[in-house]
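Below is one structure, written out as structure tokens; the observations come after it.
Just so it is clear, the model here is predicted, and its values are computed rather than measured. When a ligand or atom number is given, it counts from 1 through the structure's own listing order.
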Amino acid sequence: MAAPDGRVVSRPQRLGQGSGQGPKGLGACLHPLDSLEQKETQEQTLGQLDMLRKAQEFFQTCDGEGKGFIARKDMQRLHKELPLSLEELEDVFDALDADGNGYLTPEEFTTGFSHFFFSQNNPSREDAGEQVAQRHEEKVYQSRGNEDLGDMGEDEEAQFQMLMDRLGAQKVLEDESDVKQLWLQLKKDEPHLLSNFEDFLTRIFSQLQEAHEEKNELEYALKRKIAAYDEEIQHLYEEMEQQIKSEKEQFLLKDTERFQARSQELEQKLLCKEQELEQLTQKQKRGSVPCDGESTAREGRAPQAAGFPKKNKAAKANTAASRASWKKRSGSVIGKYVDGRGILRSQSEEEEEVFGIPRRSSLGLSGYPLTEEEPGAGEPGPGGPYPRPLRRIISIEEDPLPQLLDGGFEQPLSECPEEEEVSDQGVQGQIQEAPPLKLTPTSPRGQPVGKEALCKEESSPSAPDRLFKIVFVGNSAVGKTSFLRRFCEDRFSPGMAATVGIDYRVKTVNVDDSQVALQLWDTAGQERYRCITQQFFRKADGVIVMYDLTDKQSFLSVRRWLSSVEEAVGDRVPVLLLGNKLDNEKEREVPRGLGEQLAKDNNLIFYECSAYSGHNTKESLLHLARFLKEQEDTVREDTIQVGHPAKKKSCCG
Ligand SMILES: Nc1nc2c(ncn2[C@@H]2O[C@H](COP(=O)(O)OP(=O)(O)OP(=O)(O)O)[C@@H](O)[C@H]2O)c(=O)[nH]1
Ligand SMILES: [Ca+2]
Ligand SMILES: [Mg+2]
């Protein structure tokens, strides 16, 4: 505040919000020694301090309430302090409001004020008001100078344009008309304000210019930021994709591992099931082998377990007779042989005596020895050489196998509806049709198991006279299941699934007017089921070994199959050797002669067949069925007339 003698007296400094860079206290005393030098500096500082103090004074005049900033209307309070009209104070306010937010902070006020009201010379010496007046003097003079220019008059437009160019208005002002109007107005009415107005315009335009530049800078920075963000997002996206991909791979890997573990587990389970089955059959064997060798004749009680019916009274009598005669019968389930002298001996003893060969010999699986001197023994029929008959008691006993199946394996019991007529054109020689046994079923289950499954009118009038168990073995995919399907259902379905464990079918065929039920055990060729398959040999009356004549390996495995049959049942059962897939001649790998030779060496019935075309499927099985039936007839005759010499017969017609 200017004191009456013009000395500048500072108002007590009011600290608080918006405290700007207030002048430091002047109370600090200076050291006498360097007072001269500092006097100089002090004078300078004092000048500046005065200036600032003035600014502060004005600020506090406006900010009477001490709110720390000045609003537009507060500026009017300077009307008394400064020779400025209200409009001019408004302009000054706008010029000082650097950030244009409608309020003046102490900084904005102090900084702008010292520019606006204190000229460049040292404000300390002159009173602010005088100073401001002087400035006005200058300004007015200056604008008057312009006025002079204006007076020259006709080129006001050019003058205004020159001013605009000087101020660089083009860059920041779209429409100069308002400014031009105001300028002309001022020029006319208040020429002394013209310089202020020009100053004001200068500041405004430079601030607009700055703002414009700042805006451009901000825009540029924004663009760069957006580009950086886009890049970042792109990068994140790729990273995420990568992550998803690796997650997927990991998941798949885990899945495969889980699957493998699961299948191993299942394999384990299967193996222990197989072991259980083995123990069961062992137990069964121990449990079922009769201690006094007591067993029932084939034409006697059929296995209850398989659900086969008990025979009627006549058959019972027959059974009793045959049972009586077999009282002495010892041993296991299947077949002992009664030799010519009626002495019950085991097949292998027979074998040793006749051939002295402890291993497989021409006595062979069919249970008939091969001797050259026999008439007609040389010509190999489709079933192989003519053997000399040995008696064979084919016994049947409570057969747990279907039970086992019921327990262990769910086997479809497929019974074939039609009766198989004996068509022996495919088989050597004629077969005498023995009169079928008169058997009337005593129970509704008059037929072999599964037969009742068919609707009544299909079931054949007579129950089977015979029941033979035939086990079917061979490498996987040689065509066992397809063969049996062809034989039972007379159809071929390609792309069969590999058999698991054991499959089981019953087919009744008519052999020489007898109803012969064939229990066909279809085994799985895959290695892992080998131990299950072995179990079923024991109970077999006959065995079929199949190979694929288009697959040499499967033929080479035949010997192995033959030896596992021998291990299980010795040479006591007839074996039919089948070379399958004859329809695939062009892919043949096993010449027919090799099959014939092998059959001859091991005294097997031999056929080449095709499950696909059906060629030799019936003939081969009927041959085996007839062979088994005749064997049984022979044994039966011998048993009834004990000691009679064996009747000559050939297995292959
Ligand atoms: N060309 C031809 N293909 C056959 C014949 N018999 C079977 N096949 C095919 O050989 C493949 C195996 O047949 P399967 O009957 O399943 O063989 P399998 O011996 O039962 O096999 P496992 O059950 O694993 O022991 C299937 O694709 C049959 O279509 C045949 O006579 N000719
Ligand atoms: Ca402001
Ligand atoms: Mg199969």
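Rounded to the nearest 0.5 angstrom, Arg258 CZ and Leu252 CG are separated by 10.5 Å.
Ligand 1 is never approached by Phe483 to a heavy-atom distance shorter than 4.0 Å.
Between Asp522 and ligand 1, no pair of N/O atoms sits closer than 3.5 Å. Residue Pro494 has no nitrogen or oxygen atom sitting less than 3.5 Å from a nitrogen or oxygen atom of ligand 1, judged on distance alone. For a threshold of 3.5 Å applied to N or O pairs, the pair formed by Ser493 and ligand 1 contains no separation below that value. Taking distance alone, with nitrogen or oxygen atoms compared against 3.5 Å, Gly525 approaches ligand 1 more closely than that limit. Checked against a 3.5 angstrom limit, the closest N/O atoms of Gln526 and ligand 1 fall outside it. Distances between N or O atoms of Gly479 and those of ligand 1 include at least one value under 3.5 Å. Not one N or O of Ala524 is nearer than 3.5 Å to an N or O of ligand 1, by distance alone.
Shortest non-hydrogen contact noted between Tyr607 and Leu576 is CD1-CD1, 3.7 Å. Contact record, Lys618 with Arg486: NZ-O, 4.3 Å, taken as the closest heavy-atom pair. Between His615 and Leu582, the closest heavy-atom pair is CD2-CD2, 3.2 Å.
A donor-acceptor contact shorter than 3.5 Å links the side chain of Glu619 to the backbone of Asn616. When atom types are taken as modelled, the side chain of Lys480 and the backbone of Met546 share no donor-acceptor pair closer than 3.5 angstrom. Side chain of Thr550 to backbone of Arg588: no donor-acceptor contact under 3.5 angstrom is found.
Classification of Lys254 and Glu257 as a salt-bridged pair fails, no side-chain N sitting under 4.0 Å from a carboxylate O. Contact check on Lys600 versus Glu596 returns no salt bridge, with no Lys/Arg side-chain nitrogen under 4.0 Å from an Asp/Glu carboxylate oxygen.
Each of the atoms 15 (O), 20 (O), 23 (O) of ligand 1 lies under 4.0 Å from some heavy atom of Thr481. Remark: ligand 1 atoms within the under-4.0 Å shell around heavy atoms of Thr499 are 20 (O), 22 (P), 23 (O), 24 (O). Remark: ligand 1 atoms within the under-4.0 Å shell around heavy atoms of Val478 are 17 (O), 19 (O). Listed by number with element, the atoms of ligand 1 under 4.0 angstrom from any heavy atom of Asp583 are 1 (N), 2 (C), 30 (C), 31 (O), 32 (N). Listed by number with element, the atoms of ligand 1 under 4.0 Å from a non-hydrogen atom of Ala498 are 23 (O), 24 (O).
In the model, Ser557 has a side-chain atom that pairs as donor or acceptor with a side-chain atom of Asn475 under 3.5 Å. Side-chain atoms of Ser514 and Asp512 form no donor-acceptor pair, as typed in the model, at a separation below 3.5 Å.
In this structure, Phe492 places its CZ atom where more than 12 heavy-atom neighbours from other residues, nucleotides or ligands lie under 6.0 Å away.
Closer than 2.8 Å to the Mg ion (ligand 3) sit the protein N, O or S atoms Thr481 OG1, Thr499 OG1.
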